[in-house]
Amino acid sequence: MTDWNVIPELKQIVGALLFAAREPVSIETIRKTLRDAAKQYEGPVKDFAQVTDDDLRAAIKQLNEELIRDRIGIHVGEVANGYRLQNDLNCGIWIRQMLEKGRSNRLSKPALETLAIIAYRQPCTRSEIEAVRGVAVDAILKNLMEMQLVKAAGRSELPGRPWLFATTQKFLEYFGIKNVQDLPGIEELRRMEKAQAEARRNEAIERAVNEEQSVPDASVGSEAVTGDATTLDTDTPGDETDDERPDQAGNSRAEDDASEDENDEAGVEDEFDDDDDEFDDDEDDEYDDEDEDEDFEDEEDESEEKS
Amino acid sequence: MTTNEPYKVQLEVFEGPLDLLLYLIKQDEIDIYDIPIVRITNQYMQYLDVMKMLDLNIAGEFIVMAATLMMIKSRMLLPVEERPQVEDEEDPRWDLVRQLVEYKKFKDAAAHLGELEVRQENLFSRSGEGIQLGPEPDIALEDVSIFDLISAFNEALRKAPREELREIFAEQFTVAEKIDVIMDMMKRKGRASLSRLLGGMTHRYEMVCTFLAILELIRLRQVRAKQSEHFGDIDLVPIEDL
C-alpha cells in the first residue's frame with residue numbers, strides 16, 4: 001500500500017496521470033497539470049512547479065522501460081500526439097475474452113483507400129480524392145465523417161470554395177498512429193501529388209494556349225480521369241453544404257486550420273520543388289526505353305487477335 | 001412484402017474502373033509499365049458486360065474509362081509517324097499508367113492502415129474504449145473484392161451447360177427465394193462454396209438471382225465472403241450475432 005504522506009517521484013506522478021487519463025495525454029498537458037497544482041497547493045506539490053518537458057520525457061521513457069522490463073502486462077504507447085497506458089499486444093486475446101468482444105466491424109477496402117488518400121494528402125477536396133480513386137466518394141466520405149474519422153477542415157481557395165477534408169484525432173487513436181507525419185512513405189506520396197499537379201497544370205496551360213482559350217483554373221484535378229466530359233460531381237457550393245456538413249465537434253477553429261494548412265502547403269512546396277525535377281526525370285528515362293519494345297508487343301497481340 | 005413482388009436490390013459498387021484495371025493487371029500478372037492494351041481493353045469490356053447482366057449500378061466512370069481505353073488502343077495501333085503530336089511524344093498509355101501507379105501506392109497505404117486496424121483490436125486503453133465503428137452502409141466487402149465475386153460468377157457462367165433457347169420459362173426464381181435457400185444452407189451446412197452453389201445451375205436467370213441474393217446477404221451482414229487464396233474459390237460464411 002502506498003503511503004499518503006510519502007512524496008512521490010516524478011515518474012510515479014506521470015504513471016498515475018497516464019492511468020487516470022481518458023484520452024492520450026500530451027507533454028504539455030502533464031506539464032500544465034503539475035504547474036497548476038503547484039499554484040493551488042502548499043507543501044511538496046510546489047516542488048514540481050519547475051519541471052521541464054525534458055524531465056517529463058525522461059520520466060515517461062523510464063516508466064515505459066521498467067514496465068516492459070518487468071513484464072507488467074502494460075506499457076506506455078505513443079498515440080494521437082500523446083501518451084497512454086495500453087496492454088501488451090500478446091495479452092490482447094485474454095482481454096477480448098474477458099470483455100466479450102466479438103469480431104469487430106472493420107473498414108472496407110474502399111473506405112480504407114479513401115481514408116489513406118485523405119490522411120496523406122490532407123487537407124484535400126473531394127475532387128482530389130476522386131481523382132486518385134477514379135470514382136465518386138460521396139457515400140464513403142459521409143460515412144467516414146459520421147464515424148468521426150474524417151472532418152471538414154475549412155474551405156479551399158479554389159473557385160466554388162470546395163470543402164477541405166482532414167483526419168481527426170479519433171483517426172489517430174483508432175489506428176494507433178502517433179501522428180500523421182509518422183505514416184509510412186508520406187514524403188513520397190506527397191511529392192507525387194505535387195509532381196502530378198504540376199504536370200496537369202502545365203498540360204492544361206499548353207492545351208489552352210494552343211486552342212486560344214482562357215487559361216483554366218488549377219481545379220482541373222478530375223480531368224486526369226475523365227478527359228473533357230466529367231461525370232464526377234464538380235464542387236459547387238450548393239452541393240457541398242448539403243452533403244458535407246462540417247463536423248460539429250470543436251470546429252470553431254476551422255478557419256484557423258485552413259490558413260495554417262495553406263501556409264504549411266506553401267512551405268512543403270518549397271522544400272519539394274527541387275525533388276520534383278528529379279522525380280520527373282527518372283520517370284521519363286524509364287519510359288523512353290520501353291517505347292521501342294511495346295510497339296512489337298502490340299503487333300504480336302494484333303496478329304494473335306486476327307488468327 | 002408479398003413473395004410475388006420482385007425483390008429490388010439496390011446495389012452500389014464502390015470500386016471504380018481503376019480498381020478493375022488493377023485487378024485485371026494483378027490477375028494476369030501484367031507489368032504495369034507495359035500494359036498490353038488490346039488484351040486489357042477486351043477483358044475490361046467483358047467485365048462491364050457481366051456487370052450489366054447483373055444489373056449492378058455501374059458508375060459513369062466505368063463507361064468513361066472504357067472510352068479512354070479504346071482511345072489509347074487506337075493510338076497505339078497507329079504507326080509512330082502518324083500519331084498526334086503530344087508534347088514529349090509520350091506513350092499514349094502514360095497518363096493511365098501514372099494514375100494506376102499512384103492509386104496502387106494508396107492501395108498499399110490502405111492495406112497498411114488495415115493491418116494497423118487489426119492490430120489495434122488487441123490494444124486496450126482507458127482512452128480507446130469508445131472507438132467502435134458503426135456498420136458501413138451497402139456492400140462493404142472486406143476479404144474479397146466485388147471483382148472476385150464477378151470473376152467467380154463469370155466462371156460459373158462459362159461452365160454452365162448451354163441454355164435451352166426454345167422454351168420460355170416462367171420466372172420461377174426470385175432473389176427473395178434464393179436468399180431463403182442460401183440462409184437455409186448456411187444453417188444446415190455452416191458454409192457454402194460459391195462454385196458449388198452456382199455450379200449446379202443451368203438457367204442464367206437463376207444464377208443471376210443467386211448472385212444478387214449473395215450480394216444482398218453480404219450487405220445485410222448475414223453472410224461474409226472469404227477467399228483463402230488469391231483468385232481461388234470463394235466461400236460464404238454466416239456471421240454470428242452474439
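Each chain gets a letter, A, B and so on, in the order the sequences are listed, and its residues count up from 1. The model shown is predicted, which means the values in this text are computed figures rather than measured ones. These values consider heavy atoms only, across backbone and side chains, with no hydrogens, waters or symmetry-generated copies.
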State the SG-CG distance between A:Cys91 and B:Leu123, to the nearest 0.5 angstrom. 10.5 Å
Contacting region of A:Ile177 [heavy-atom separation from chain B under 4.5 Å]: side chain
Kindly say whether B:Asn122 contributes a backbone atom to a donor-acceptor pair with the side chain of A:Asn87 at under 3.5 angstrom? yes
Test: A:Arg106 and B:Glu121 ion pair at under 4.0 Å: yes
A:Arg121 vs B:Phe106, side-chain contact (heavy atoms from CB on, under 4.5 Å): CA-CA, chis, key distance, verdict: CA-CA 11 Å; A:Arg121 295 267 166 104; B:Phe106 276 108; 3.6 Å; yes
Between atom CZ of A:Phe19 and atom OG of B:Ser125, what is the distance when rounded to the nearest 0.5 Å? 11.0 Å
If you draw a 6.0 Å radius around NZ in B:Lys107, do more than 12 non-hydrogen atoms from other residues or ligands fall strictly inside? yes
Nearest heavy-atom contact between A:Leu112 and B:Gly114 is CD1-CA, 3.8 Å
Taking every non-hydrogen pair under 4.5 Å, which of B:Val118, B:Leu113, B:Asp108, B:Leu96 racks up the most with chain A? B:Leu113
Looking only at A:Ile95, A:Val137, A:Val79, most heavy-atom pairs under 4.5 Å shared with chain B are made by A:Ile95
Is B:Lys105 paired with A:Glu113 through a side-chain N to carboxylate O contact shorter than 4.0 Å? no
Identify which part of A:Ile117 has an atom lying under 4.5 Å from any heavy atom of chain B, answering side chain, backbone, both or neither. both
Least distance between heavy atoms, B:Phe124 atom then A:Gly92 atom: CE1-O, 4.3 Å
Ion pair check, B:Asp19 and A:Arg133, cut-off under 4.0 Å: yes
Trace of the side-chain contact (heavy atoms from CB on, under 4.5 Å) decision for B:Arg126 with A:Arg84: CA-CA 8 Å; B:Arg126 291 270 292 246; A:Arg84 69 174 189 191; over 6 Å; no
Under a 4.5 Å heavy-atom cutoff, which of B:Glu115, B:Met71, B:His112 has the most pairs with chain A? B:His112
What is the distance from atom CG of A:Leu172 to atom CG of B:Leu116, rounded to the nearest 0.5 Å? 11.0 Å
When you check the side-chain N and O atoms of A:Tyr174 and B:Glu117, is any donor under 3.5 Å from an acceptor? yes
Scanning both residues in full, the closest heavy-atom pair of A:Gly134 with B:Pro17 reads O-CD, 3.4 Å
Note: B:Arg119 and A:Leu89 closest approach over all heavy atoms is NE-CD1, 3.5 Å
Sub-4.5 Å side-chain heavy-atom contact between A:Val132 and B:Glu102: yes
